[in-house]
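A note on names: the letters A, B, ... follow the listed sequences, proteins ahead of strands, and every chain is numbered from 1.
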There are 2 protein chains.
Amino acid sequence: MQRVTRDDVARRAGTSPAVVSYVLNNGPRPVAPATRARVEQAIAELGYRPNLVARALRSTRSNVLGLVVPDSSEGYFTQLTHAVERAAFARGSLVLMGNSAFSREQEQRYAESLANMRVDGLLLVRAEIAGAAATESALDVPVVYLHHQAPAGSEAPSVVLANNSGGRLTAEHLLGHGYDEIGCLTGTARSGPVADRARGWTEAMRAAGKDEGNVLRTGLDRHAARADIRRWLQSSRPRAVMATADGLALDTLTVAAELGLRVPDELAVIGFGGTEAAAHSWPPLATAGHSFDDFAGAAVSTLDQLRENSPATDQILDVTLTTRASCGCR
Amino acid sequence: MQRVTRDDVARRAGTSPAVVSYVLNNGPRPVAPATRARVEQAIAELGYRPNLVARALRSTRSNVLGLVVPDSSEGYFTQLTHAVERAAFARGSLVLMGNSAFSREQEQRYAESLANMRVDGLLLVRAEIAGAAATESALDVPVVYLHHQAPAGSEAPSVVLANNSGGRLTAEHLLGHGYDEIGCLTGTARSGPVADRARGWTEAMRAAGKDEGNVLRTGLDRHAARADIRRWLQSSRPRAVMATADGLALDTLTVAAELGLRVPDELAVIGFGGTEAAAHSWPPLATAGHSFDDFAGAAVSTLDQLRENSPATDQILDVTLTTRASCGCR
DNA sequence: GTGAAAGCGCTAACAT
DNA sequence: ATGTTAGCGCTTTCAC
């Protein structure tokens, strides 16, 4: 049994294929109500489903967005991915997604595949990848960087959190609690969101005249990170920890439980990212963040602007603090 | 500047468009080495990128798989989604994904969009959705159900875990520890994976001559579930809990911490799903599960079989137990 | 208001 | 081994 095409519908409705298109797309030409009704009936009777591939080829618009994240299983990226999917669907688009596994080569591979698939736009979420831009210029597709600033040499706009001021905010909150030894738990990258948050911490500590030397930098391997944190908590014994990502903060909570350290009484912890997981840990984790739906929505709109050749500018989203038990509040 | 097409490449290489296709697809006709080299050079010089939309239209194969999950942010589905993406990419396909939000209507909407996008196959992950099949028959696309059995009236094969025997396995493990009052924490659906696991628990309890009455059924709202669990632990005080999903088990761990119940000394907990999160909780959560990569791989292969019109059969994946501190081991 | 027709960029059958 | 060509199913311009 052959698939039903637009021609079948036209034949059955006793009209031309063009009119079927006009009905389907509600334009660009008007259709008489009676004709429209006949077409709609034919569509229903035949169970016609427009071939979106053909439409995409003809119209050079696929209604598909590409999304590349480092690791869609990691809490923060998971939520960003979900939010992008929701924002896209609300706008009538579907999302083709890929995991770069923190590898520039893999990111490039996905970006190319996605571009060849003629996605309407590409959302690139980088993390902890040093170095050059993906050669997005050759891709000939609108690109927006999400979460991470666009790399040097890139023309693409970005939508990022106010990481530096957010870092200051969280550090100041801990300072406000009166904690003396405040450590910073962060990643190894020298630039990027996580590094910016750490810089904010440094600035706040310096401004308060406190020791800014207690920094633990750890990598992406979660098991190793835990071991690092354990050693750190045992040796340098900070009274409070600002983690530059919720994942690190949650690991700190777990290690604290392992060591029998009471949070927040013996160790206060604050995270960054505003993930759901933070609300569900024990004790609940204070965290700085921004609504993921807003975040994703801003990125998708920016992509739209790019398509319309409007000059898209970088966006920096304000970060607000959600205080919870872990920092010493309540 | 116009995009480079295959004709441009042919012109530059001084050959015909067909030959360019033969080079690109490595067939179906042979190409002389010298010609091939010229074509490849032209491709490189022009920065040609094949239009996969056109290819999909012509070849009726998109190299795109559709995936619909209830909630890609929930730990288990997150990992399943990631694994599907990986399995698909390994096979040369990308994944278009959608969140049904546990709604049959939304699932149907996505399934239709995805089918209209002419995905090569549809992977449907259902949970806690009662009732009818998506009208997949009209979709005219290979469908495989993942995680959940195919609904009644569906012809589609499914790839599921051995939920019933897995439920027995976990219950028996708890029984083996010598715990007396063993409760079961599960969902509200009367059928499906979670219900099957609970049934396995019941069978094991009955076989052991133990009380099978201590069951808490709770819904999808996480906040409400926590409150339910709290009341349950306080009133019926089971010595051990088998949760039919890791998410519920992790919530139990959190509530236990809140209540000051020591796990496993005062309350043993075991989960189901084999998620990563289970390995990172405190205490580490024992859980029954199956490799997500296998799980996703099986689903993707089944989809391939369906495309080749091989008779695809249901698959039931064995579940193994990973014991960790939470159940009393170690 | 409606229809005819020209492609979008590609694959592959059919020629040579 | 290579070239010619007929579509895949659709959108939209242009005629009527």
(Q) Under 4.0 Å, heavy atoms only, any strand: does B:T5 hit a base, just the sugar-phosphate, or nothing? (A)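 B:T5: backbone/sugar contact only, no base atoms under 4.0 Å.
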
(Q) If you take any heavy atom closer than 4.0 Å to DNA chain C, which residues from residues 43-63 of chain A end up in contact? (A)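 Residues of residues 43-63 of chain A that come under 4.0 Å of DNA chain C are, in numerical order, A:L57, A:R58.
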
Expressed in angstrom and rounded to an integer, what is the separation of [X] atom [atom1] from [N] atom [atom2]?
{"X": "A:D7", "N": "D:dC8", "atom1": "CG", "atom2": "C1'", "answer": "12 Å"}
{"X": "A:R29", "N": "C:dT2", "atom1": "CZ", "atom2": "P", "answer": "11 Å"}
{"X": "A:N25", "N": "D:dG9", "atom1": "CG", "atom2": "P", "answer": "17 Å"}
{"X": "A:L24", "N": "D:dC10", "atom1": "CG", "atom2": "P", "answer": "8 Å"}
{"X": "B:D140", "N": "D:dG9", "atom1": "CG", "atom2": "P", "answer": "12 Å"}
{"X": "A:N116", "N": "C:dG9", "atom1": "CG", "atom2": "C1'", "answer": "13 Å"}
{"X": "B:Y22", "N": "C:dA13", "atom1": "OH", "atom2": "P", "answer": "9 Å"}
{"X": "A:R3", "N": "D:dC10", "atom1": "CZ", "atom2": "P", "answer": "9 Å"}

Should [X] be listed as having a side-chain N or O under 4.0 Å from OP1 or OP2 of [N]?
{"X": "A:T35", "N": "C:dT2", "answer": "yes"}
{"X": "A:T15", "N": "C:dG3", "answer": "yes"}
{"X": "B:S16", "N": "D:dG3", "answer": "yes"}

(Q) I'd like to know if A:D304 and A:R307 make a salt bridge, using a cut-off of under 4.0 Å between side-chain N and carboxylate O. (A)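 Judged by the 4.0 Å cut-off on N to carboxylate O distance, A:D304 and A:R307 do not form a salt bridge.
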
Counting distance only, does the side-chain N/O of [X] pair as donor-acceptor with the main-chain N or O of [Y] below 3.5 Å?
{"X": "A:N99", "Y": "A:A101", "result": "no"}
{"X": "B:R38", "Y": "B:A13", "result": "yes"}
{"X": "A:S158", "Y": "A:V160", "result": "no"}

(Q) As an exercise, state the distance from OG of B:S291 to CG of B:D318, rounded to the nearest 0.5 Å. (A)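 Between B:S291 OG and B:D318 CG, I get 12.5 Å after rounding to 0.5 Å.
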
Q | B:A32 or B:R118, whichever maps to the more 5' nucleotide of DNA chain D | A |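 This one resolves to B:A32.
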
Q: Any pair with a residue in residues 63-72 of chain A that passes salt bridge (Lys or Arg N to Asp or Glu O under 4.0 Å), sequence neighbours left out, goes on the list, sorted by first then second residue, please.
A: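 Every pair satisfying salt bridge (Lys or Arg N to Asp or Glu O under 4.0 Å) with a residue in residues 63-72 of chain A: there are none.
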
**Q.** Chi angles and distances behind the ring-ring contact (aromatic ring centres under 6.0 Å, His included) call for B:H147, B:Y76
**A.** CA-CA 10 Å; B:H147 170 67; B:Y76 176 84; 4.9 Å; yes

